[in-house]
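Numbers restart at 1 for each chain; the letters A, B, ... are given by sequence-line order, proteins then strands.
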Amino acid sequence: MLILTCPCCGVAADETELAPGGEAHLKRFGPGSSEDAFEGYLFLRQNPRGVHFERWRHAYGCGKWFHAARSTTTMEVFGTYSAQVTEPPPEITAKIAAAGKPTA
Amino acid sequence: MSDAVSVLLGARVDGPVTVEDAGLCGMIVLRGDLSSPAFKAACTEILGAGVPEALGSTVAGDRAVLWMSTDEVLVLAPFAEASALTASLAEALEGTHHLVADVSDARAVLRLTGGALRETLARLTPADVAPASFPPGMVRRTRLAQSAAAIRMVSDNEAEVYCFRSVARYVMDILANAAQGRPLGLF
Ligand SMILES: [Zn+2]
């Protein structure tokens with residue numbers, strides 16, 4: 001069971017209160033982009049064994065989107081952070097580094 | 001015009017924890033910038049109750065303001081006052097980015113009373129309902145079994161549950177069933 005602390009309302013939310021939003025920090029390639037870039041944006045995901053950055057929505061709670069960093073193998077959660085950023089903040093990457101996990 | 005009735009028609013199940021239809025209740029969704037002076041003024045001047053802190057509530061007489069999200073509160077008021085209050089709030093917030101909607105007929109309110117109500121809730125929600133995590137005055141949006149619901153801890157012996165009108169019967173049934181459970185002495 002996964003428990004993520006929603007950074008918007010501060011609630012430690014059970015997985016069943018959340019809606020998953022897939023891989024985080026995707027760069028959108030829309031009209032005018034190459035077919036390869038569009039395919040990558042639409043379909044290609046990292047799906048790593050280890051540290052993963054994800055989007056989640058506190059669907060049954062405050063309703064807001066946020067980001068989470070966790071390990072897909074151990075379910076260890078390194079932290080949650082604002083949805084309004086394009087890369088994980090330093091305190092999250094520091095925690096991952098401290099846990100001795102590679103981020104890529 | 002037909003008479004308004006609450007969807008549960010006064011249903012009530014007695015026990016160590018009593019689950020009952022709280023009856024018709026005025027409910028207004030109010031969204032906007034909770035920290036803006038206009039929003040605060042609308043709450044204090046029209047409702048008499050200030051903007052609540054995150055996960056909190058404010059009460060003034062028969063009115064209450066419940067924190068729903070970083071940009072949303074739910075106003076509770078007597079059913080007969082809801083449409084006039086909605087108009088007053090809309091007028092007060094005109095020109096600012098906001099949303100006011102009278103949802104009195106879209107939602108239902110159930111009341112739980114009894115010392116074991118935390119155990120009843122714990123059987124249905126993933127939310128931490130221990131006294132230290134869910135003190136009186138706190139509001140928590142979560143789920144009760146398969147349905148979305150908001151819970152307000154009114155006191156240690158009373159809680160209110162807000163859910164969609166369409167699932168009120170289901171929420172009533174699961175709460176009444178959970179209330180029959182063997183006491184566990186958890187809280
Ligand atoms: Zn939240």
Check your understanding: Which bit of A:Ala12 is near chain B, if near means a heavy-atom gap under 4.5 Å: side chain, backbone, both or neither?
Key ->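 Backbone of A:Ala12 only, per the 4.5 Å heavy-atom cut-off to chain B.
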
Show me the donor-acceptor pairs within less than 3.5 Å that the side chains of residues 35-52 of chain B make with the rest of the protein, sequence neighbours left out.
unit_1, atom_1, unit_2, atom_2, d
B:Ser35, OG, B:Asp33, OD1, 2.7
B:Ser36, OG, B:Asp33, O, 3.0
B:Ser36, OG, B:Phe39, N, 3.2
B:Thr44, OG1, B:Lys40, O, 2.8
B:Thr44, OG1, B:Ala41, O, 3.4

Review point. If you count heavy-atom pairs under 4.5 Å with chain B, which of A:Cys9, A:Ala13, A:Gly10, A:Gly63 comes out on top?
Key: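 Heavy-atom pair counts peak at A:Cys9.
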
Practice item. Tell me, for B:Ala150 versus chain A, whether the close heavy atoms (under 4.5 Å) come from the side chain, the backbone, both or neither. Key: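 No part of B:Ala150 comes within 4.5 Å of chain A.
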
Check your understanding: So do the side chains of B:Arg107 and B:Arg165 get within less than 4.5 Å of each other, counting heavy atoms only?
Key ->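 No, their side chains stay 4.5 Å or more apart.
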
Review point. Among side-chain atoms of B:Asp102 and B:Ser104, is any donor-acceptor pair under 3.5 angstrom?
Key: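 Checked: B:Asp102/B:Ser104 side chains pair up, N/O donor to acceptor below 3.5 Å.
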
Exercise for review: Indicate the ring-plane relationship of A:Phe53 and A:Tyr81, choosing parallel, tilted or perpendicular according to the 30° and 60° boundaries.
Suggested key: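 Perpendicular, since the angle between the ring planes exceeds 60°.
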
